[in-house]
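Taking it in order: structure first as structure tokens, then the write-up.
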Number of protein chains: 2
Amino acid sequence: MASVEFSRILSFFKALSDESRLKIVGALASNERSVEELATLLDLRAPTVSHHLAKLKEVGLVDMRSEGTTHIYHLVMSEMRLLAKRVLSLDAMETFTEDVVADAWERKILGDFFVGQRLKEIPASRKKREVILRWLVERFSAGKRYTEKEVNAIIGKHHPDFATLRRELICAKLLARESGIYWRT
Amino acid sequence: MASVEFSRILSFFKALSDESRLKIVGALASNERSVEELATLLDLRAPTVSHHLAKLKEVGLVDMRSEGTTHIYHLVMSEMRLLAKRVLSLDAMETFTEDVVADAWERKILGDFFVGQRLKEIPASRKKREVILRWLVERFSAGKRYTEKEVNAIIGKHHPDFATLRRELICAKLLARESGIYWRT
DNA sequence: GCTCTATTTTGATATATATCTAATTAGATG
DNA sequence: CATCTAATTAGATATATATCAAAATAGAGC
């Protein structure tokens with residue numbers, strides 16, 4: 001469902017959303033450091049630091065080299081920059097909830113307010129009303145011109161209060177009118 | 001203890017380290033949206049979404065305007081950019097663990113291995129040995145030249161195995177030697 | 001091979017928090 | 001003013017996870 005990017009970025013945020021881990025990254029920003037050294041700096045036990053380093057390593061933000069039995073960790077800046085840059089890009093973010101899902105809400109509204117082709121009532125909330133209006137304007141052909149009578153007839157098939165809906169369609173700039181003639185915008 | 005920046009950035013990461021909240025941000029990236037709308041999009045109950053929006057609002061990543069009883073939320077991109085940019089800056093990160101704290105480890109090592117001026121033993125780990133050596137080289141005056149006998153005497157005051165330590169000091173390039181004469185680098 | 005030290009793994013515990021339902025608040029409408 | 005709807009708050013629960021102590025692992029040096 002969610003894009004690959006998504007879980008990648010989510011892991012990135014999860015990795016850095018802990019006080020100790022963020023401090024570790026801070027400490028590694030100036031210098032590579034051993035587990036014990038980090039433990040002293042942050043006033044934590046070695047196993048705790050080891051646990052955090054494992055998480056950071058998993059998402060590729062740090063890497064390690066051994067020197068005897070001591071493991072010396074360092075930041076992987078390329079990864080850091082890559083991910084931070086991605087956070088800045090809105091295009092990437094928009095894919096977090098996919099477009100297919102994106103009109104789930106509209107479909108729900110249509111389902112809620114229609115019985116077949118018949119509109120049960122005109123939604124009070126502007127956002128919901130807009131969904132209905134966008135559906136309604138689809139009943140008109142693009143380019144074709146309609147008299148007010150024709151417009152009323154088309155809307156009237158779906159709801160008795162064609163006057164209100166007609167006015168709303170104009171107001172929402174979905175229909176245009178000039179000297180008694182209507183057309184889709 | 002930690003800088004103002006630090007808690008700010010930590011909150012930022014915490015805010016975005018949840019799957020639902022990241023999806024909300026994604027959904028808001030393309031459009032402002034009501035609570036109900038987000039709830040449908042993410043398949044969550046309204047209170048849950050409300051809870052997440054409150055958290056995002058707290059760190060300033062989203063803001064809200066009312067339209068009747070419906071609350072319409074939108075991203076605050078300036079905040080988003082500001083914080084993401086800050087993540088990229090290493091200078092800021094280095095302040096996460098302050099410098100005062102930064103030599104805590106060295107002081108601990110010195111405390112662990114010295115009894116007064118007397119070195120209990122030579123640390124096996126290279127990183128710890130280096131701390132001792134840097135302390136030791138401070139016993140020599142910068143610029144002054146020493147015979148090997150003098151060097152041995154100075155080191156010998158702190159540990160019997162002056163030969164090993166002398167060799168280590170050279171090896172670590174803290175002391176230099178030429179034709180039997182030693183000096184601080 | 002034994003010992004020492006640095007790290008990691010395991011297991012336990014306590015805290016944080018995401019989610020839900022139910023109750024409450026607050027606008028809007030008749 | 002009663003009612004309806006959208007949102008929030010309160011309360012409950014279950015899951016996740018940060019932390020530590022103890023045990024296991026793995027190099028280094030004797």
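Chain letters run A, B, ... following the sequence lines, proteins first and then strands; every chain starts at 1.
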Send over the distance from K127(A) NZ to dG27(C) P, rounded to a whole Å.
-> 20 Å
Sidechain N-carboxylate O distance under 4.0 Å for E79(A), R8(A) | yes
Name the closest nucleotide to the P47(B) side chain, picking from dA18(C), dT19(D), dT8(D).
-> dT8(D)
Winner on side-chain proximity to S50(A), out of dT8(C), dA22(C), dT19(C), is dT8(C)
What nucleotide among dT8(D), dT7(C), dA18(D) has an atom nearest to a side-chain atom of R21(A)?
-> dA18(D)
Using a strict cut-off of less than 4.0 Å between a Lys/Arg side-chain nitrogen and an Asp/Glu carboxylate oxygen, indicate whether K14(A) and E19(B) qualify as a salt bridge.
-> no
Side-chain contact check for R45(A): nearest option of dA21(D), dT8(C), dT21(C) is dA21(D)
Please figure out whether G68(A) or A46(A) has its closest DNA chain D nucleotide nearer the 5' end.
-> A46(A)
Among dA7(D), dA18(C), dT19(D), find the nucleotide with the atom closest to the side chain of D18(A).
-> dT19(D)
Taking OP1 and OP2 of dA6(C), is either one under 4.0 Å from a side-chain nitrogen or oxygen of Y73(A)?
-> no
With a 4.0 Å cut-off, would you call R65(B) and E32(B) a salt bridge?
-> yes
Proximal nucleotide (of dC20(D), dA18(D), dT8(C)) relative to the V35(A) side chain = dT8(C)
Hey, does S125(A) reach any base, or is it just sugar-phosphate, or nothing, if we go heavy atoms under 4.0 Å?
-> nothing
Does the side chain of H71(B) get closer than 4.0 angstrom to OP1 or OP2 of dG27(C) through an N or O atom?
-> no
Mind calculating the distance between CG (D43(A)) and P (dC20(D)) to the nearest angstrom?
-> 8 Å
Contact under 4.0 Å: K14(A) side-chain N or O vs dA16(D) OP1/OP2 | no
Plane angle bin for H158(B) and W135(B) - parallel if under 30°, tilted between 30 and 60°, otherwise perpendicular | perpendicular
What is the distance from CG of L44(A) to C1' of dT7(C), rounded to the nearest Å?
-> 15 Å
Measure from CZ on F13(B) to C1' on dA18(D) and round the result to the nearest Å.
-> 19 Å
In plain terms, say whether K127(A) and E67(B) are close enough for a salt bridge, that is, a side-chain N and a carboxylate O under 4.0 Å apart.
-> no
Rounded distance in Å - NZ (K120(B)) to P (dC4(C)) = 15 Å
Of the listed nucleotides dA28(C), dT8(C), dA28(D), the one nearest the side chain of T69(A) | dA28(D)
Return the nearest nucleotide to the side chain of K128(B); candidates are dT8(C), dT17(C), dA6(C).
-> dA6(C)
Among dA18(C), dA18(D), dT7(C), the nucleotide that comes nearest once only the side chain of H51(B) is considered = dA18(C)
Closest to the side chain of T70(A), out of dT17(D), dA6(C), dT19(D), is dA6(C)
Identify whether any heavy atom of K55(A) sits under 4.0 Å from a base atom; if not, whether one sits that close to sugar-phosphate; answer base, sugar-phosphate or nothing.
-> sugar-phosphate
Separation of atom CD1 in I122(B) from atom C1' in dG29(D), rounded to whole Å = 13 Å
Hphob cluster co-occupancy, L175(A) + W183(A), side-chain heavy atoms under 4.5 angstrom = no
Taken to the nearest whole Å, CG/L38(A) to C1'/dT7(C) is 13 Å
Checking all strands, does S20(A) fall into the base, sugar-phosphate, or nothing category for heavy-atom contacts under 4.0 angstrom?
-> sugar-phosphate
How close or far is atom P of dA6(D) from atom CZ of R129(A), stated in whole angstroms?
-> 13 Å
